[in-house]
A.B. asks: 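Mind having a look at this structure? Questions to follow.
Predicted model, so just to flag it, every value in this text is computed and none were measured. In what follows, chains carry the letters A, B, and so on, assigned in the order in which the sequence lines appear, proteins first and then strands, with residues in each chain numbered from 1.
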Protein chains: 2
Amino acid sequence: MPLLSAERERKLGLRERKKIQTRQAIRHAAYRLFAEQGYDATPIDQIAEMAEVSPSTVFRYFPAKEDIVLTDEYDPVIEEVLRDRPADEHPVESIRQALVASLHDLARSEGDDIALRTKLLRDVPAIRGRMAEAQEESSRIVRSVLAERTGKPDDDLELRVIASSILNALHETIMYWVDTGQNDDLEQLMHTTLDILIRGLTLSALSDTALKPHQQ
Amino acid sequence: MPLLSAERERKLGLRERKKIQTRQAIRHAAYRLFAEQGYDATPIDQIAEMAEVSPSTVFRYFPAKEDIVLTDEYDPVIEEVLRDRPADEHPVESIRQALVASLHDLARSEGDDIALRTKLLRDVPAIRGRMAEAQEESSRIVRSVLAERTGKPDDDLELRVIASSILNALHETIMYWVDTGQNDDLEQLMHTTLDILIRGLTLSALSDTALKPHQQ
DNA sequence: AACCCTTTGAGAGTTACTTTCATTTGACGC
DNA sequence: GCGTCAAATGAAAGTAACTCTCAAAGGGTT
């Protein structure tokens with residue numbers, strides 16, 4: 001009879017539930033304190049105290065202070081969506097769809113903390129550094145999918161430039177969105193951005209000036 | 001008689017000379033130790049000892065350990081060259097020239113340490129984070145020049161995307177160059193990269209596939 | 001030589017981690 | 001229910017990157 005195992009699956013066992021609970025408690029406390037006093041001004045001990053756990057436990061759940069903020073990984077989502085796109089679709093279009101899709105996921109799963117999180121992402125050097133790493137990882141994934149589809153080696157310069165350009169442009173778009181008070185429709189901004197890339201960085205105000213590839 | 005002041009200018013005074021000397025001694029010691037034992041495995045105290053200064057002095061010269069590696073700023077150079085380009089030249093072309101020029105400067109001024117430095121730049125998270133910040137600053141400068149020339153506001157999304165794309169692509173190019181053992185001609189790689197951007201991320205292997213701007 | 005101002009070094013303190021080890025507490029077979 | 005095992009926790013000591021303060025040393029100037 002699978003009743004017990006089904007129950008365990010739903011309830012995940014008391015241990016697992018407590019772990020999730022603790023994790024949330026720590027993050028919650030941290031967010032509150034970060035918002036009140038700022039990131040640097042908030043020592044781990046204080047977070048631990050408010051979350052009612054020991055400092056060691058905080059470090060056990062989050063190897064570094066930044067990890068409390070840098071929570072979720074988009075990468076697996078991106079890769080999955082990306083591989084699910086039809087193989088004959090143009091790669092840049094696939095990436096567009098995959099990233100927009102994972103963005104939707106994110107926007108829904110994040111609660112009210114999203115504003116605070118994006119601000120920390122922008123303002124705290126340590127967090128930004130980690131963000132850059134994450135972006136590089138995403139870039140590597142996108143590149144490997146591109147490599148599969150084109151048959152090029154995945155350390156090809158062209159692929160690297162294309163993949164990193166797209167990720168960078170979308171990152172810049174998010175920062176623009178944050179800087180302007182998150183009033184715009186992020187998805188629409190992203191489409192605009194990708195169109196700029198695809199068109200070849202042609203400045204709309206300067207489209208009269210010819211742009212030719214470099215001649216040696 | 002301007003002899004004294006001229007002498008001072010050349011000699012910079014004993015005090016200034018000593019400062020420069022100390023700075024170099026610290027950096028030199030640090031580079032040696034980083035190369036031998038790695039960045040993380042090298043405490044400041046050890047660097048101080050080898051440089052024959054006190055640990056406090058190290059912190060006085062370099063506010064953070066990363067700063068020992070992240071020395072020079074390209075930004076002023078870039079901005080100067082950029083503003084010196086003819087006003088009617090296409091911005092992307094100006095940027096191309098400015099960045100290639102400042103690259104030349106850099107390649108000459110850096111001695112043997114350039115290989116180690118680029119590796120640290122790639123491998124040490126803290127340093128990469130700082131690098132990302134520096135890139136953002138460069139991007140801001142490029143953007144402001146673009147804004148002047150086009151008359152657009154300098155927080156325009158299009159300008160942000162264009163400026164950051166160019167910087168990001170060149171950064172990716174340098175990383176490619178490092179990853180492949182610095183055998184290629186970096187300047188040529190950069191031209192190739194910029195051409196990819198200008199052409200609009202058209203994958204050469206897929207140029208048969210049409211790429212159209214997004215339709216809502 | 002005497003005075004001033006800057007640089008330096010010494011030392012104490014803070015904070016983010018790391019490691020170790022003993023204690024607690026779910027999980028599971030019986 | 002109950003004992004046993006493994007995992008989660010907490011306490012404590014240690015390391016390393018900074019920060020701050022203050023007194024000593026050393027250039028610069030007259």
Side-chain angles (χ1 to χ4, degrees), chain A residues 1-26 29-30 33-34 37-70 120 124-127 129-130, chain B residues 3-26 29-30 33-34 37-70 120 124-127 129-130:
Chain A
M1 209 184 178
L3 183 76
L4 262 167
S5 70
E7 226 175 354
R8 233 187 286 137
E9 265 181 65
R10 251 187 302 116
K11 295 208 166 186
L12 281 169
L14 179 54
R15 213 176 238 167
E16 307 296 317
R17 266 181 295 156
K18 277 214 160 183
K19 263 168 75 172
I20 292 172
Q21 210 174 316
T22 305
R23 199 181 182 78
Q24 281 186 334
I26 295 172
L33 292 170
F34 290 163
Q37 337 171 324
Y39 179 86
D40 285 329
T42 307
I44 297 272
D45 292 25
Q46 203 182 343
I47 298 172
E49 197 185 352
M50 182 176 269
E52 295 184 300
V53 293
S54 78
S56 359
T57 299
V58 176
F59 284 116
R60 213 167 269 128
Y61 278 84
F62 303 97
K65 196 178 168 186
E66 309 114 51
D67 290 311
I68 303 179
V69 179
L70 272 161
L120 290 172
V124 180
I127 298 180
R130 294 303 224 66
Chain B
L3 184 77
L4 263 168
S5 68
E7 224 175 354
R8 231 187 288 136
E9 265 181 65
R10 251 187 302 116
K11 294 206 167 189
L12 283 168
L14 179 53
R15 214 178 239 167
E16 305 297 317
R17 268 180 293 156
K18 276 214 163 184
K19 262 167 78 171
I20 293 173
Q21 210 173 316
T22 305
R23 200 181 180 77
Q24 281 185 334
I26 295 172
L33 292 170
F34 290 165
Q37 337 171 324
Y39 179 86
D40 286 328
T42 307
I44 298 273
D45 292 26
Q46 203 182 345
I47 298 172
E49 197 185 353
M50 182 176 268
E52 295 184 298
V53 294
S54 80
S56 356
T57 300
V58 176
F59 284 116
R60 212 167 270 128
Y61 278 84
F62 302 98
K65 196 178 168 187
E66 308 114 51
D67 290 310
I68 305 179
V69 179
L70 272 162
L120 290 171
V124 181
I127 298 181
R130 294 301 225 68

A.B. asks: Distance check: side-chain N/O of A:S54 vs OP1/OP2 of D:dT9, anything under 4.0 Å?
C.D. replies: no
A.B. asks: From CD of B:E52 over to P of C:dG9, roughly how many Å is that when rounded to an integer?
C.D. replies: 10 Å
A.B. asks: NA contact type, B:P63, heavy-atom cut-off 4.0 Å: base, sugar-phosphate, or nothing?
C.D. replies: sugar-phosphate
A.B. asks: To the closest 0.5 Å, what do you measure between OG1 (B:T42) and CE (B:M50)?
C.D. replies: 9.5 Å
A.B. asks: For B:V69 and B:V124, run side chain to side chain contact (heavy atoms under 4.5 Å, CB included): C-alpha distance rounded to whole Å, both residues' side-chain angles, the deciding distance at 0.1 Å, then the answer.
C.D. replies: CA-CA 11 Å; B:V69 179; B:V124 181; over 6 Å; no
A.B. asks: In whole angstrom, give the distance that lies between atom CG of A:L14 and atom C1' of C:dT25.
C.D. replies: 9 Å
A.B. asks: Output the distance between atom CG (A:D67) and atom CZ (A:F59), rounded to the nearest 0.5 Å.
C.D. replies: 11.0 Å
A.B. asks: Which nucleotide, C:dT7, C:dC17, C:dG26, lies nearest any side-chain atom of A:K18?
C.D. replies: C:dG26
A.B. asks: Look up atom CZ in A:R15 and atom CD1 in A:I20, then write down how far apart they are to the nearest 0.5 Å.
C.D. replies: 14.0 Å
A.B. asks: Using atom CD of B:Q46 as one end and atom C1' of D:dT15 as the other, report the distance to the nearest whole Å.
C.D. replies: 14 Å
A.B. asks: When the distance from CD1 of B:I26 to P of D:dA17 is rounded to whole Å, what number comes out?
C.D. replies: 14 Å
A.B. asks: When you check the phosphate oxygens OP1 and OP2 of C:dT8, does a side-chain N or O of B:Y61 lie under 4.0 Å from one of them?
C.D. replies: yes
A.B. asks: Rounded to the nearest 0.5 Å, what's the gap from OG1 on B:T57 to CD1 on B:I47? Could you check?
C.D. replies: 13.0 Å
A.B. asks: Grab the CD-P distance between A:Q21 and C:dT25 for me, whole Å please.
C.D. replies: 15 Å
A.B. asks: Among D:dG10, C:dT25, C:dC5, which is the nearest nucleotide to the side chain of A:R15?
C.D. replies: C:dT25
A.B. asks: Taking only N and O in the side chain of A:S56, is any of them less than 4.0 Å away from OP1 or OP2 of D:dG10?
C.D. replies: no
A.B. asks: Start at the 5' end of DNA chain D and walk down; is the nucleotide closest to B:E66 or to B:R60 reached first?
C.D. replies: B:E66
A.B. asks: What integer distance in Å separates A:F59:CZ from C:dT19:C1'?
C.D. replies: 13 Å
A.B. asks: Once you round it to whole Å, what is the distance between P of C:dT18 and NZ of A:K65?
C.D. replies: 14 Å
A.B. asks: Between C:dT8, D:dC18, D:dG28, spot the one nearest the side chain of B:T22, thanks.
C.D. replies: C:dT8
A.B. asks: Atom CZ of A:R23 to atom P of D:dA8: distance rounded to whole Å?
C.D. replies: 12 Å
A.B. asks: Looking only at the side chain of B:K19 (C-beta and beyond, no hydrogens), which of the listed nucleotides C:dC17, C:dT7, D:dA6 gets closest?
C.D. replies: C:dT7
